[in-house]
Amino acid sequence: MRHRLGNSSLGRMTQHRLLMLRNMVSSLIEHEQIKTTVPKARQCQRMAEKFITLARQQSAPAHVVARGMLMSTERTVPKLFKELAVRYADRPGGYTRIHLYGNRLGDHAPHAILEFVDGPKDLLFAQTALTLGHELALKALAGNRQGLFWRQSRVPLGELETLAPGAARQAAVIARYEPLGLRKYTLWNLGKIFKFRDPKEILELEQRARDHFDVSLARAHQEPVDAKDAMLSTVLRGHEIGADAKRNNLDKREYPVRKRAGRSGDAYNEPPYQADALDLLQPKAAPKQLSDQSREIIRMLSQIGQGEIGSDGLPDFTAPDAAEPARPMLESGRPARAEARA
């Protein structure tokens, strides 16, 4: 039977685990964002949401329980009852959010960021503003006038403020940005952010999006003309530059894909030694740090690749240089050492 499977022990005794969770919840209330492992974040999330529900009661017994459980009560308790309880007064639940954050260096434990939603450090708010700016910049580069979204007529903020928090406000926010032709996940995130958030913060999100829009255009104009779409789509979808170069038929010499020796090339369907030979036979200027002998080898290989001379015309570079006198050989076959200077 499924007994005692509700909570994870996290590899600690009961007293140690409870003290650790109390400390983590206190840090979360004070800073509104902490970074820890995924199992600890899930346990801390459950306890933190119970404290928010407790603070919404605004009663004397709730103050007593909070002061008995939280750390640094002079900072955490006033913020819990005066700020967080007021912020989530209309939200029926879901006060926290977990973002997966890769793996920890060392033991490779899965990392996570636990934060309060609708706060000043909301990562979803910042990331959605970044995505909105990049998508509109991509449209502007394609010649679409929808990139100048702040100059268009949309649903006024006064109408959004009159709507009750919930599904109606979420639908109105989606309708505000739907004519721009954004991706469905971007529209969903916009509606999710302002479902219970103050609609006046839409102006802050649009200002952030406009800043990212300007930065994206500035970076795109610094790149080659053919690489603008590849650069912006890499930011939006997380693809590698090699995949974008293959899709947009860009020059492979402009964006080389680094390969390890002994592996077949995935981007251009040719083994590594063929790619190296083709790069070697391209007409390039010899670097200044190469010796005259290396420059002669590169020049002869280039002529062979172009069919000007045969492979029999290569000079013999294995013969010792006549200008350097040969050293006397010992009986063991090794050259004798030079005489020591006086």
Side-chain angles (χ1 to χ4, degrees), residues 1-130 165 189 192-193 195-198 201 238:
M1 301 179 69
R2 299 182 68 256
H3 291 171
R4 302 179 65 184
L5 296 178
N7 296 322
S8 174
S9 62
L10 300 175
R12 291 165 174 81
M13 302 297 291
T14 303
Q15 293 80 3
H16 186 190
R17 182 177 66 256
L18 291 178
L19 183 61
M20 180 190 67
L21 292 177
R22 288 169 55 193
N23 193 10
M24 292 175 63
V25 171
S26 302
S27 300
L28 178 62
I29 293 175
E30 182 177 359
H31 303 286
E32 298 196 16
Q33 188 181 92
I34 59 174
K35 185 172 70 172
T36 180
T37 58
V38 174
K40 292 180 184 178
R42 290 173 180 171
Q43 293 292 327
C44 181
Q45 183 182 32
R46 299 177 62 178
M47 183 177 287
E49 300 210 356
K50 291 180 180 179
F51 274 103
I52 298 297
T53 305
L54 181 70
R56 290 175 60 180
Q57 300 177 7
Q58 296 291 344
S59 60
H63 279 78
V64 173
V65 173
R67 289 184 180 276
M69 291 292 292
L70 296 177
M71 308 290 185
S72 303
T73 55
E74 68 278 359
R75 298 189 300 270
T76 57
V77 174
K79 184 174 183 179
L80 177 64
F81 284 88
K82 295 181 181 180
E83 183 178 345
L84 297 180
V86 176
R87 182 193 301 173
Y88 303 121
D90 298 330
R91 182 179 282 269
Y95 314 114
T96 57
R97 183 184 296 119
I98 294 178
H99 298 276
L100 299 182
Y101 191 62
N103 297 84
R104 185 166 59 188
L105 184 63
D107 58 354
H108 206 64
H111 253 173
I113 295 177
L114 178 62
E115 65 177 5
F116 281 117
V117 300
D118 300 344
K121 298 182 179 180
D122 194 349
L123 291 178
L124 183 62
F125 183 86
Q127 187 63 31
T128 304
L130 174 65
N189 286 333
K192 183 179 180 180
I193 289 173
K195 186 176 182 179
F196 296 98
R197 202 183 186 106
D198 188 4
E201 298 186 15

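In this structure, NE2 on His99 lies 3.5 Å from CD on Glu115, to the nearest 0.5 angstrom. To the nearest 0.5 Å, atom CG of residue Asn23 and atom CG of residue Leu18 are 12.5 Å apart. With rounding to the nearest 0.5 Å, the separation of CG in Leu105 from NE2 in His111 is 9.5 Å. Going from atom CG of Asp90 over to atom CZ of Arg197 covers 14.5 Å, rounded to the nearest 0.5 Å. Between the CE atom of Met24 and the CG atom of Leu19 there is a distance of 12.0 Å, given to the nearest 0.5 Å.
In terms of modelled atom types and a separation under 3.5 Å, the side chain of Lys79 and the main chain of Ile29 share a donor-acceptor contact. Without hydrogens or angle criteria, Tyr88 side chain to Val117 main chain gives a donor-acceptor distance under 3.5 Å. At distances below 3.5 Å, at least one donor-acceptor pair connects side-chain atoms of Asp122 with backbone N or O atoms of Asp118. Looking at Arg17, its side chain never comes within 3.5 Å of a backbone N or O of Gly11 through a donor-acceptor pair.
At most 12 heavy atoms of other shown residues, nucleotides or ligands fall within 6.0 angstrom of atom NZ in Lys50. For Arg22, the CZ atom counts as densely surrounded, since its 6.0 Å shell holds more than 12 non-hydrogen atoms of other residues, nucleotides or ligands. Within 6.0 Å of atom NZ in Lys82, 12 or fewer heavy atoms from other residues, nucleotides or ligands are found, so the atom counts as exposed in its surroundings.
When all heavy atoms are compared, the tightest approach of Ala109 to Thr37 is CB-CG2, 4.1 Å. Of all heavy-atom pairs between Ser8 and Gln43, the closest is N-NE2, 3.3 Å. Nearest heavy-atom pair, Ile98 versus Ala112, reported as atom, atom and distance to 0.1 Å: CG2-CB, 3.9 Å. For the residue pair Cys44 and Leu21, the shortest heavy atom distance occurs at N-CD2, 4.0 Å.
A 4.5 Å side-chain heavy-atom check between Leu10 and Met20 finds at least one atom pair inside the cut-off. Annotation: side chain of Ile52 is in contact with side chain of Leu80 (closest heavy-atom distance under 4.5 Å). Within the 4.5 Å cutoff, the side chain of Glu32 has heavy atoms near those of the Glu83 side chain. For the pair Leu84/Phe51, no side-chain contact is recorded, criterion being any heavy-atom separation below 4.5 Å from C-beta on. In this structure the side chain of Met71 never reaches within 4.5 angstrom of the side chain of Thr76, judged on heavy atoms.
Ring-plane geometry between Phe81 and His63 is classed as parallel, the angle between the planes falling under 30 degrees on a 0 to 90 degree scale with a further cut at 60.
Leu114 pairs in a side-chain contact (heavy atoms from CB on, under 4.5 Å) with only one of the listed residues (Lys40, Gln45, Gln33, Arg97), which is Gln45.
Glu49 and Thr96 share a side-chain donor-acceptor pair at under 3.5 Å.
Geometrically, Arg56 does not engage Tyr95 in a cation-pi contact defined by less than 6.0 Å to the ring centre and at most 45° from the axis.
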